[in-house]
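What follows is a single structure, written as structure tokens, with notes after it.
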Amino acid sequence: MALGIYSLRIASMIAGILIVAACDRQPAAPPATDAAMTPAAQTPAPVAESSTDSSTATAIAAAVANPARPADDVAHDADRKPAETLTFFDVKPGEVVFEFVAGGGYFTELLSRTVGDTGRVVATREDAKRIADGRLPNVTAAEDREWGLAPDSVDLIFTAQNYHDVVNLKVERPPLLKNFLMILKPGGIFAVIDHSAEAGSADRDVGTLHRIDEATVVSEIKAAGFELVDTSDLLRNPNDTRTLAVFDPAIRGKTDQFILKFRKPAG
């Protein structure tokens, strides 16, 4: 049975995400029990070193170096560090990836070329130009309310610079995150990248600065039943005061960003 987002309210609110995300981009199962909804400690669980092997590293390198990538994408690689990011999330050939709110498709292209002909990417809010005329044949655009993904069928869920928009638009995160949990295979990864707000600010800045406190994101996602298994400083910028809107010319493309790697429990 294919799964979508349960609530019509979620779908209608998500409809506005693309507009906000376009400004923000940096060119850019049964219900859980009460126990499962209890936030756990913020310390990441121990995680083994990346299992990225030579074939996976080659696939990622080839995806980044592919001459068919748009020049505008390539121009932002220095800021977005795509090879290191995909390596951190251990994206592999043959995987099934669900990209939530793809926007301009910067990562859609990279994910598509990394998973290759034996894998596929299902993406919501995908820029039609990105996949026009079959240029990324393993990418399928999905509707907000119907993703066409069965339970336990997805290796990786990926969302970049969107979680704060979901909060800003008052999308009901618990049912959304439960659906994410359901479509992931046991042990599957949920990848989250977003702009950092000041520590302790919670969701205060989601609508004004388009930033969110990392601790708030961790708390919500862990409460839904995910494990936080690793974090990365790849996109950290200690010179970002976190007090400017992310599209302010003084900081655009250079914001301090957190990278979080969650996992669906295997058992």
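Because the structure is predicted, anything quoted here is derived from the model rather than measured. For the numbers below, each heavy atom of this structure counts, side chains included, while hydrogens, waters and symmetry mates do not.
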TODO: State, without any angle test, whether N138 and S112 hold a side-chain donor-acceptor pair at a distance under 3.5 Å.
DONE: yes
Can you tell me if [X] uses its side chain to pair, donor with acceptor, with the backbone of [Y] under 3.5 Å?
{"X": "R130", "Y": "G104", "value": "yes"}
{"X": "D194", "Y": "Y163", "value": "yes"}
{"X": "T87", "Y": "A83", "value": "yes"}
{"X": "E95", "Y": "K92", "value": "yes"}
{"X": "N162", "Y": "A160", "value": "yes"}

Between [X] and [Y], does any side-chain N to carboxylate O distance fall below 4.0 Å?
{"X": "D240", "Y": "K254", "answer": "no"}
{"X": "D233", "Y": "R236", "answer": "yes"}
{"X": "R125", "Y": "D144", "answer": "yes"}
{"X": "E198", "Y": "R242", "answer": "no"}

Rounded to the nearest 0.5 Å, how far apart are [atom1] of [X] and [atom2] of [Y]?
{"X": "I157", "Y": "I183", "atom1": "CD1", "atom2": "CD1", "answer": "4.0 Å"}
{"X": "F190", "Y": "I221", "atom1": "CZ", "atom2": "CD1", "answer": "4.5 Å"}
{"X": "K178", "Y": "L181", "atom1": "NZ", "atom2": "CG", "answer": "10.0 Å"}
{"X": "K81", "Y": "L235", "atom1": "NZ", "atom2": "CG", "answer": "6.0 Å"}
{"X": "T114", "Y": "E109", "atom1": "OG1", "atom2": "CD", "answer": "10.5 Å"}
{"X": "I189", "Y": "D90", "atom1": "CD1", "atom2": "CG", "answer": "8.0 Å"}

Does the side chain of [Y] come within less than 4.5 Å of [X]'s, by heavy atoms?
{"X": "V167", "Y": "I212", "answer": "yes"}
{"X": "T56", "Y": "P93", "answer": "yes"}
{"X": "T231", "Y": "F258", "answer": "no"}

List the atom of [X], the atom of [Y], and the distance in Å for their closest heavy-atom pair.
{"X": "E126", "Y": "I131", "result": "CG-CD1, 4.1 Å"}
{"X": "H195", "Y": "H164", "result": "CD2-CE1, 4.1 Å"}
{"X": "P186", "Y": "A266", "result": "CB-O, 3.6 Å"}
{"X": "V91", "Y": "I60", "result": "O-CD1, 3.8 Å"}
{"X": "L156", "Y": "L184", "result": "N-CD2, 4.0 Å"}
{"X": "Y106", "Y": "D73", "result": "CE1-O, 3.3 Å"}

TODO: Test salt bridge (Lys or Arg N to Asp or Glu O under 4.0 Å) on R69 and D77 and set out the steps.
DONE: CA-CA 11 Å; R69 291 182 65 212; D77 286 352; 2.7 Å; yes
Open item on the list: So, using side chain to side chain contact (heavy atoms under 4.5 Å, CB included) as the criterion, who are the partners of P137 when residues are at least two apart?
Closed with: none
Task: Sequence-distant partners of D248, side chain to side chain contact (heavy atoms under 4.5 Å, CB included), two or more places apart - done: L244, A250, I251
TODO: Assign the ring pair H210 / F247 to parallel, tilted or perpendicular, where the plane angle (0 to 90°) is split at 30° and 60°.
DONE: tilted
Task: Pair D256-R211, salt bridge (Lys or Arg N to Asp or Glu O under 4.0 Å): steps then yes or no - done: CA-CA 10 Å; D256 182 80; R211 299 172 179 266; over 6 Å; no
TODO: Using ring-ring contact (aromatic ring centres under 6.0 Å, His included) as the criterion, point out the one residue from F180, F107, F98 that pairs with F158.
DONE: F107
